Amino acid sequence: MDKEDIAGLIDAKHLALITWLENQPDESWTLGPEGKWTTGQQTLHLIQSIIPLNNALSMPKFLLRLKYGKANRPVRAYDVIVKRYKERLLEAKGKTFKGSKHMKVPKLADKPYLLNRLQTEAKKLQYKTRHISDKNLDTVILPHPLMGKMPVREIIMWTAYHVEHHTEILKSNY
C-alpha cells in the first residue's frame, strides 16, 4: 500500500470513530459492558497507542535503526497484517498491554479534549506518513507489544486497523 493510501486509511478510520463517538450519549463515555473498557477508556487506549508512534517518527531514522535494527523481510500487505493481529489477539487470551492495564476512566468533561487529541494525533500521523521516504517506511522497524518488530509502513497500516478494531468493539457494545 502506498503512502497516500495509508494516510487516507488513517484519516478514514479515525474520522469514522470520532464521528461515531461524537454521536453517542454522554453516559456511554463512562459506562461499559461488565469487565470491559468504557468508551472513554477505548479512546484513551487509542491515544496511548498513536502517541509513541508519532514520537518515534519524529526521531532521526538512523537512531531508530541503531536502536531496533533494520527490516530483514519484505513489507506485508494490509490484509496479512490484520490477519496476524487477529491471530495474536487470540493467542494473548485477553491479556492487556501493560501501558493500558488499570487504565483510569476518563471523565465526561475530558471527552472533548480526548477526541481533539485523538484527531490531532491522527493528523500528525497522516503528515508523517506522507513525508517519510519509502525507503525508511520499508526498512526502519519499530517494536509492537503484541506483534513484535515491524517495518514502519506495517505499523502505520496496523494503526489504521487498530482504530477500526476498537470502533467495531464499541459499536457492538452499544
Side-chain angles (χ1 to χ4, degrees), residues 1-22 37 41-92 95-100 103 114-171:
M1 188 178 288
D2 73 20
K3 293 190 288 192
E4 206 48 51
D5 290 340
I6 297 169
L9 197 59
I10 291 288
D11 185 47
K13 301 299 182 184
H14 281 87
L15 181 61
L17 173 63
I18 290 167
T19 301
W20 187 86
L21 289 169
E22 289 173 338
W37 284 342
Q41 287 172 307
Q42 299 265 1
T43 304
L44 191 56
H45 169 73
L46 291 170
I47 292 168
Q48 288 175 340
S49 73
I50 196 171
I51 287 174
L53 176 56
N54 277 333
N55 290 344
L57 293 176
S58 295
M59 295 176 66
K61 304 313 171 259
F62 79 90
L63 287 177
L64 296 174
R65 277 191 287 278
L66 275 173
K67 186 166 184 172
Y68 303 113
K70 287 173 51 176
N72 60 2
R73 60 172 174 77
V75 173
R76 294 179 174 112
Y78 179 79
D79 57 336
V80 175
I81 296 163
V82 170
K83 183 177 182 250
R84 284 179 54 87
Y85 179 61
K86 289 177 179 180
E87 290 167 355
R88 296 287 168 88
L89 280 176
L90 286 174
E91 292 167 9
K95 289 181 185 170
T96 304
F97 167 64
K98 69 177 182 177
S100 295
M103 189 184 321
L114 291 174
L115 292 183
N116 181 274
R117 184 70 192 267
L118 182 60
Q119 190 170 30
T120 300
E121 293 298 331
K123 293 294 180 196
K124 283 183 192 176
L125 184 57
Q126 290 170 56
Y127 178 85
K128 290 172 187 295
T129 300
R130 287 183 173 110
H131 290 88
I132 189 173
S133 72
D134 282 309
K135 179 182 177 192
N136 282 333
L137 274 172
D138 296 341
T139 61
V140 173
I141 58 175
L142 292 171
H144 183 281
L146 188 63
M147 304 277 284
K149 290 182 179 179
M150 300 170 71
V152 170
R153 189 182 303 266
E154 285 185 14
I155 208 161
I156 296 172
M157 288 189 287
W158 170 85
T159 299
Y161 177 71
H162 189 225
V163 173
E164 178 184 340
H165 170 74
H166 283 277
T167 303
E168 289 171 1
I169 290 169
L170 286 165
K171 286 180 176 180

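Heads up: numbering here begins at 1 and tracks the sequence. Every value quoted in this text rests on a predicted model; they were computed, and no experiment measured them. We use all heavy atoms of the structure for the numbers below, so side chains are in, but hydrogens, waters and symmetry mates are not.
Gln42 places none of its side-chain heavy atoms less than 4.5 Å from the side chain of Thr167. Residues Arg153 and Arg76 form no side-chain contact, since every pair of their non-hydrogen atoms from C-beta on lies 4.5 Å or further apart. The side-chain heavy atoms of Ile81 and Met147, taken from C-beta on, include a pair separated by under 4.5 Å. For the pair Leu17/His166, no side-chain contact is recorded, criterion being any heavy-atom separation below 4.5 Å from C-beta on. Annotation: side chain of Met150 is not in contact with side chain of Ile141 (no heavy-atom distance under 4.5 Å). Side-chain contact between Thr129 and Glu4 is absent, with no heavy atoms from C-beta onward closer than 4.5 Å. Considering only heavy atoms from C-beta on, Thr43 stays 4.5 Å or farther from Leu46 through its side chain. Within the 4.5 Å cutoff, no side-chain heavy atoms of Lys83 are placed close to those of Lys86.
Taking the salt bridge (Lys or Arg N to Asp or Glu O under 4.0 Å) definition, one finds that Arg84 meets it with nothing, sequence neighbours left out. For the side chain to side chain donor-acceptor pair (under 3.5 Å) test, no residue two or more places apart in sequence or in another chain qualifies with Lys67. Qualifying salt bridge (Lys or Arg N to Asp or Glu O under 4.0 Å) partners for Lys171, counting only residues two or more places apart in sequence or in other chains: none.
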Practice prompt. Before giving the answer on side chain to side chain contact (heavy atoms under 4.5 Å, CB included), spell out for Ile50 and His14 the whole-Å C-alpha distance, their side-chain angles and the decisive distance to 0.1 Å.
Written response: CA-CA 11 Å; Ile50 196 171; His14 281 87; 3.9 Å; yes
Fill in: side chain to side chain contact (heavy atoms under 4.5 Å, CB included) between Leu115 and Glu22, intermediate numbers included
CA-CA 8 Å; Leu115 292 183; Glu22 289 173 338; 3.8 Å; yes
Practice prompt. Could you walk me through whether Asp11 and Lys123 pass side chain to side chain contact (heavy atoms under 4.5 Å, CB included), step by step?
Written response: CA-CA 7 Å; Asp11 185 47; Lys123 293 294 180 196; 3.0 Å; yes
Item to complete: Go through the steps for Met157 and Met1 under the test side chain to side chain contact (heavy atoms under 4.5 Å, CB included), then give the verdict.
Response: CA-CA 9 Å; Met157 288 189 287; Met1 188 178 288; 3.8 Å; yes
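Closest approach of Leu64 to Ala56, counting heavy atoms only: CD1-O, 3.3 Å. The shortest heavy-atom contact between Asp2 and Asp5 is OD1-N, 2.8 Å. Contact record, Arg130 with Gly8: NH2-N, 4.4 Å, taken as the closest heavy-atom pair. When every heavy atom of Ala160 is checked against every heavy atom of Lys13, the shortest pair comes out as O-CG, 3.4 Å. The shortest non-hydrogen separation linking Arg73 to Pro151 is NH2-CD, 3.4 Å.
To the nearest 0.5 Å, atoms CH2 (Trp20) and CG (Leu15) are separated by 14.5 Å. With values rounded to the nearest 0.5 angstrom, Thr159 atom OG1 is found 5.0 Å from Leu53 atom CG. For the atom pair Leu57 CG and His131 NE2, the distance stands at 13.0 Å (nearest 0.5 Å). Between atom CZ of residue Arg117 and atom CD1 of residue Ile47 there is a gap of 7.0 Å, rounded to the nearest 0.5 Å. Rounding to the nearest 0.5 Å gives a distance of 8.5 Å between CD1 of Ile156 and CG of Leu142. In this structure, Ile18 CD1 and Leu118 CG are separated by 4.5 Å, a value rounded to the nearest 0.5 Å.
Aromatic rings from His45 and His162 are positioned such that their centres are separated by under 6.0 Å.
Here the options are Asn136, Thr139, Ile132, Asp138, the test is side-chain contact (heavy atoms from CB on, under 4.5 Å), and the partner is Val152; only Ile132 passes.
In summary, the side chains of Ser58 and Lys128 do present a donor paired with an acceptor at a separation below 3.5 Å, with no hydrogens or angles considered.
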